[in-house]
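Computation of the quantities below employed the complete heavy-atom set of this structure, encompassing side-chain atoms and omitting hydrogens, waters and symmetry-equivalent molecules. Remember, predicted model here, so these are calculated numbers, not experimental data.
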Amino acid sequence: PLTVSEMVKTGYNSIPIVAVISFFVGIILAFQAAYQLKKVGALIYVANLVGVSLTRELSPILTAIIVAGRSGSYFAAEIGSMKVSEEVDALTCMGINPVGFLVSPKLVAMMIMLPALTLFSDLIGIAGGLLLSSTVLGINWFNYYQQTLNALLVMDVISGLIKALAFAVIITLVGAYQGFRVEGGAEEVGKRTTSSVVTSIFLVIVFDLFFTVLFYYFA
């Protein structure tokens with residue numbers, strides 16, 4: 001039940017903001033690709049750029065940043081507040097491991113929902129690119145769809161999902177770590193919450209670079 005509750009908070013409640021941002025990013029990517037490709041009469045390759053860029057790179061990292069801002073900060077604030085109110089000490093006194101009790105459901109929920117949100121972001125972003133291309137650029141929607149299928153490899157999608165899985169672990173552990181480090185009152189909770197978001201985003205970008213280089217050479 002705790003894991004399901006965390007899945008709703010971290011995943012389901014993030015769907016609207018992820019959908020809106022992914023849709024707009026898909027449109028922006030299509031516009032930027034068309035700006036260069038129309039010069040060489042290759043507008044159909046907008047589909048390639050939008051599809052591959054989203055699945056391999058933009059969807060995982062954008063979704064992770066959104067979730068770090070929403071859920072990572074929530075994890076730090078929740079655990080920090082429990083630390084201040086001595087609820088964490090109470091769990092320890094009852095013989096309950098606070099890390100296992102508080103962090104494990106969050107970690108499992110995040111590892112399930114962040115890849116799911118990333119896949120959702122892929123689809124919505126590609127739909128945004130398709131809409132822009134079929135209405136403004138004059139590309140037949142079915143041709144765009146076929147070009148996207150031809151351009152995308154299974155590894156493109158899988159590499160994005162592997163990144164999302166790693167980002168899920170990073171966001172959860174950083175949020176929990178900052179929460180458990182709270183000492184003092186509400187002001188400290190605020191500081192740790194802010195720190196969790198900044199640290200999560202920094203580590204997400206660092207690990208994104210690592211995985212991008214790894215997949216470039218070995219995938």
Side-chain angles (χ1 to χ4, degrees), residues 6-7 10-11 13-33 36 46-76 103 106-129 148 151-179 192-219:
E6 295 294 346
M7 286 171 68
T10 59
N13 292 344
S14 299
I15 287 175
I17 185 68
V18 169
V20 171
I21 290 177
S22 300
F23 186 73
F24 288 157
V25 166
I27 292 174
I28 292 165
L29 267 180
F31 258 128
Q32 296 290 4
Q36 290 295 324
V46 167
N48 298 53
L49 190 143
V50 171
V52 174
S53 297
L54 283 169
T55 53
R56 290 186 72 95
E57 186 62 40
L58 287 173
S59 287
I61 200 164
L62 282 174
T63 306
I65 289 172
I66 293 166
V67 172
R70 286 191 80 261
S71 301
S73 58
Y74 156 71
F75 292 163
V103 180
K106 292 175 171 55
L107 183 60
V108 172
M110 187 71 85
M111 290 177 71
I112 293 170
M113 295 311 295
L114 193 56
L117 282 172
T118 299
L119 202 57
F120 176 71
S121 175
D122 290 339
L123 296 173
I124 297 295
I126 289 170
T148 301
L152 283 179
L153 302 174
V154 173
M155 191 59 203
D156 293 330
V157 179
I158 290 175
S159 63
L161 296 179
I162 291 172
K163 285 182 180 182
L165 199 61
F167 297 161
V169 175
I170 291 167
I171 293 166
T172 307
L173 294 185
V174 169
Y177 173 75
Q178 293 293 348
R192 291 295 177 185
T193 300
T194 303
S195 182
S196 75
V197 176
V198 174
T199 306
S200 294
I201 292 174
F202 173 77
L203 290 176
V204 160
I205 291 171
V206 169
F207 274 84
D208 181 64
L209 172 62
F210 168 75
F211 281 113
T212 299
V213 172
L214 194 68
F215 291 138
Y216 179 81
Y217 285 107
F218 299 105

> How would you list, by chain and number, every residue that makes a side-chain contact (heavy atoms from CB on, under 4.5 Å) with Ile205, sequence neighbours excluded?
Ile61, Ile201

> If I compare all heavy atoms of Ile112 with all of Pro115, which pair ends up nearest, and what's the gap?
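Shortest heavy-atom separation between Ile112 and Pro115 comes out as O-CD, 3.6 Å.
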
> Could you label the plane-to-plane angle of the Phe210 and Phe207 rings as parallel, tilted or perpendicular, counting under 30° as parallel and over 60° as perpendicular?
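Judged by the thresholds at 30° and 60°, the geometry between Phe210 and Phe207 is perpendicular.
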
> Tell me the closest heavy-atom pair linking Val174 and Ser200, and the distance in Å.
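Val174 and Ser200 have their closest heavy atoms at CG1-OG, 3.4 Å.
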
> Got a sec, which residues hit side-chain contact (heavy atoms from CB on, under 4.5 Å) with Val213, two or more places apart in sequence or on another chain?
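Val213 satisfies side-chain contact (heavy atoms from CB on, under 4.5 Å) with Leu209, Tyr217 once adjacent residues are dropped.
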
> Run the side chain to side chain contact (heavy atoms under 4.5 Å, CB included) check on Ile17 and Arg70 step by step: do they pass?
CA-CA 10 Å; Ile17 185 68; Arg70 286 191 80 261; 4.2 Å; yes

> How many angstroms lie between OG1 in Thr118 and CG in Leu58, if you round to the nearest 0.5 Å?
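Going from the OG1 atom of Thr118 to the CG atom of Leu58 covers 11.5 Å.
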
> Please lay out, stage by stage, how Ser59 and Asp122 fare under the test side-chain hydrogen bond (donor to acceptor under 3.5 Å, both in side chains).
CA-CA 6 Å; Ser59 287; Asp122 290 339; 2.9 Å; yes

> Do the side chain of Lys106 and the main chain of Glu6 share a donor and acceptor less than 3.5 angstrom apart?
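No.
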
> Kindly compute the distance separating CG (Leu29) from CG (Leu54), expressed to the nearest 0.5 Å.
5.5 Å

> Could you report the tightest heavy-atom contact between Ser121 and Val18, atom names first, then the distance?
CB-CG1, 4.0 Å

> On a heavy-atom basis, which atom in Ala176 and which in Val103 lie closest, and how many Å separate them?
CB-CG2, 3.7 Å

> Can you name the one residue among Val154, Leu161, Leu153 that meets side chain to side chain contact (heavy atoms under 4.5 Å, CB included) with Val157?
Leu161

> In sequence, state the C-alpha distance, the side-chain angles, and the governing distance for Leu152 and Ile126, and then conclude on side chain to side chain contact (heavy atoms under 4.5 Å, CB included).
CA-CA 11 Å; Leu152 283 179; Ile126 289 170; 4.2 Å; yes

> Could you go through Phe167 and Asp208, starting from their C-alpha distance and side-chain angles, then the distance that decides it, and tell me whether this counts as side chain to side chain contact (heavy atoms under 4.5 Å, CB included)?
CA-CA 8 Å; Phe167 297 161; Asp208 181 64; 3.7 Å; yes

> Give me the atom names and distance for the closest heavy-atom approach of Ala151 to Val52.
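Looking at all heavy atoms of both residues, the shortest contact is O-CG2, 4.1 Å.
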
> Do the side-chain N and O atoms of Thr10 and Ser71 include a donor-acceptor pair separated by under 3.5 angstrom?
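Ser71 and Thr10 do not have a side-chain donor-acceptor pair below 3.5 Å.
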
> Counting distance only, does the side-chain N/O of Ser53 pair as donor-acceptor with the main-chain N or O of Val50 below 3.5 Å?
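Not confirmed, Ser53 side chain does not pair with Val50 backbone.
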
> Got a second to check how far Leu119's CG is from Thr55's OG1, nearest 0.5 Å?
10.0 Å

> Working to the nearest 0.5 Å, report the span between CG of Asp156 and CZ of Phe215.
10.5 Å

> Within this structure, what is the OG-CG distance for the pair Ser22 and Leu117, rounded to the nearest 0.5 Å?
9.0 Å

> If you apply the rule side chain to side chain contact (heavy atoms under 4.5 Å, CB included), what do you find for Val67 with Met110, and how did you get there?
CA-CA 9 Å; Val67 172; Met110 187 71 85; 3.5 Å; yes

> Is there a donor-acceptor pair under 3.5 Å between the side chain of Thr172 and the backbone N or O of Val169?
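Answer holds: no.
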
> Which pair of non-hydrogen atoms, one from Lys163 and one from Arg56, has the smallest distance, and what is that distance?
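Result for this residue pair: NZ-O, 2.9 Å.
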
> Rounded to the nearest 0.5 Å, how far apart are CG of Leu114 and CG of Leu165?
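So the CG of Leu114 and the CG of Leu165 are separated by 8.5 Å.
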
